Amino acid sequence: MSYDLDNIFAQILDGRIPSAPVDENDTTLSFADIQPQAPQHHLVIPRGAYTDLSDFADKASDKELADWVRALARVAKKTGVADDGYRVIVNVGRNGGQEVPHLHGHVVGGAPLGAMLTAKG
Ligand code: AMP
């Protein structure tokens with residue numbers, strides 16, 4: 001899949017859509033999900049143009065990879081969910097339910113999250 005330069009997160013990254021970051025550095029940006037599915041629900045995205053986790057794993061530098069993983073854990077801490085536990089979700093592609101074609105990790109918590117999966121094949 002080629003990268004869509006006009007996807008929502010590309011527009012957040014270049015300022016076409018305003019955001020209120022909870023965390024950011026030179027390679028990642030993190031902000032609240034607009035439709036939270038838990039008391040705390042934030043998204044952690046790389047600044048680079050990666051469509052999904054597979055694309056990121058193939059093309060990102062070691063620094064970008066490490067920074068994104070560290071940002072996920074840092075956002076969990078900053079949003080107060082780290083101590084009681086949380087879930088990181090990365091949807092990939094059609095079967096994974098990915099809606100926005102720019103890699104993002106969901107960091108969700110703040111309450112017991114229940115079963116990991118409900119969909120049955
Ligand atoms: P996914 O289904 O994994 O692609 O998740 C996309 C997520 O992006 C959903 O949870 C949406 O609520 C969220 N989202 C879409 N637009 C925005 C936005 N402008 N700001 C924050 N979150 C958004």
Side-chain angles (χ1 to χ4, degrees):
M1 188 205 309
S2 62
Y3 185 79
D4 171 10
L5 292 167
D6 291 323
N7 79 74
I8 292 282
F9 296 164
Q11 295 187 49
I12 285 176
L13 281 166
D14 67 17
R16 278 179 282 170
I17 294 177
S19 69
V22 294
D23 183 82
E24 60 181 318
N25 63 17
D26 59 328
T27 63
T28 67
L29 181 71
S30 306
F31 47 89
D33 194 290
I34 203 167
Q35 286 189 295
Q37 305 294 314
Q40 295 293 330
H41 183 171
H42 294 83
L43 301 172
V44 178
I45 67 175
R47 290 188 185 275
Y50 303 106
T51 57
D52 60 23
L53 185 68
S54 301
D55 188 39
F56 188 58
D58 282 347
K59 298 178 189 158
S61 68
D62 288 354
K63 173 174 163 43
E64 290 176 295
L65 291 162
D67 283 357
W68 183 70
V69 172
R70 291 197 170 106
L72 291 165
R74 198 168 55 243
V75 165
K77 205 167 177 179
K78 282 189 175 180
T79 59
V81 302
D83 286 349
D84 289 335
Y86 60 98
R87 189 170 289 162
V88 172
I89 300 168
V90 182
N91 296 320
V92 180
R94 194 182 328 115
N95 281 359
Q98 182 178 2
E99 293 169 5
V100 179
H102 179 112
L103 171 64
H104 50 284
H106 299 252
V107 178
V108 291
L113 296 170
M116 188 169 67
L117 290 175
T118 52
K120 303 274 191 299

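Just so it is clear, the structure is predicted and the values come from calculations on it, not from any experiment.
- Atom CG of Asp84 sits in a sparse spot, with 12 or fewer heavy atoms from other residues, nucleotides or ligands closer than 6.0 Å.
- Annotation for Pro46 and Leu13: closest pair O-CD1, 3.8 Å, computed over non-hydrogen atoms.
- Rounding to the nearest 0.5 Å places CG of Leu43 at 5.0 Å from NE2 of His41.
- Note: Arg16 CZ to Ile8 CD1 = 9.5 Å, rounded to the nearest 0.5 Å.
- The cluster map of Ile, Leu, Val, Met, Phe, Trp and Tyr, joined by side-chain heavy atoms under 4.5 Å apart, puts Val75 and Leu72 in the same cluster.
- Residue Asp6 places its CG atom among more than 12 non-hydrogen atoms of other residues, nucleotides or ligands, all under 6.0 Å distant.
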Would you tabulate the side-chain donor-acceptor contacts of residues 90-98 under 3.5 Å, counting partners in other chains and residues two or more places apart, or write 'none'?
residue, atom, partner, partner atom, Å
Gln98, OE1, Gly93, N, 2.9
Gln98, NE2, Thr51, O, 2.9
Gln98, NE2, Val100, O, 2.9

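- Nearest heavy atoms, Phe9 versus Asn7: N-OD1, 2.9 Å.
- Counting non-hydrogen atoms of other residues, nucleotides and ligands closer than 6.0 Å to CG of Asp83 gives a total of 12 or fewer.
- The heavy-atom pair separating Tyr86 from Val81 by the smallest distance is CB-CG2, 3.6 Å.
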Before giving the answer on salt bridge (Lys or Arg N to Asp or Glu O under 4.0 Å), spell out for Lys59 and Glu64 the whole-Å C-alpha distance, their side-chain angles and the decisive distance to 0.1 Å. CA-CA 10 Å; Lys59 298 178 189 158; Glu64 290 176 295; over 6 Å; no

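- In this structure, the ring of His104 has its center no less than 6.0 angstrom from the ring center of His102.
- Taking every heavy atom of both residues into account, Pro39 and Ala111 meet most closely at CG-CB, 3.8 Å.
- Using cut-offs of 30° and 60° on the angle between ring planes, the pair Phe56 and Tyr50 is perpendicular.
- Under the 4.5 Å side-chain contact rule for hydrophobic residues, Leu65 and Val88 share a cluster.
- Within the 4.5 Å cutoff, side-chain heavy atoms of Asp26 are placed close to those of Asp67.
- You'll find the side chain of Arg74 reaches within 4.5 Å of the side chain of Asp23, heavy atoms only.
- Atom CZ in Arg87 sits 12.5 Å away from atom CD in Gln37 (nearest 0.5 Å).
- The minimum heavy-atom distance between Ala38 and Val108, with the atom names listed, is CB-CB, 4.1 Å.
- Atom OG in Ser30 sits 8.0 Å away from atom CD1 in Ile45 (nearest 0.5 Å).
- For the atom pair Ile89 CD1 and His106 NE2, the distance stands at 6.5 Å (nearest 0.5 Å).
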Evaluate the side-chain contact (heavy atoms from CB on, under 4.5 Å) criterion for residues His42 and Thr79: first the C-alpha distance (whole Å), next the side-chain angles of each, then the deciding distance (0.1 Å), finally the verdict. CA-CA 8 Å; His42 294 83; Thr79 59; 3.3 Å; yes

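- Here the CG-CG distance, from Asp55 to Leu103, works out to 8.5 Å after rounding to the nearest 0.5 Å.
- Residue Gly105 comes nearest to Trp68 through the heavy atom pair N-CZ2, 3.7 Å, listed as atom of the first residue, atom of the second, then distance.
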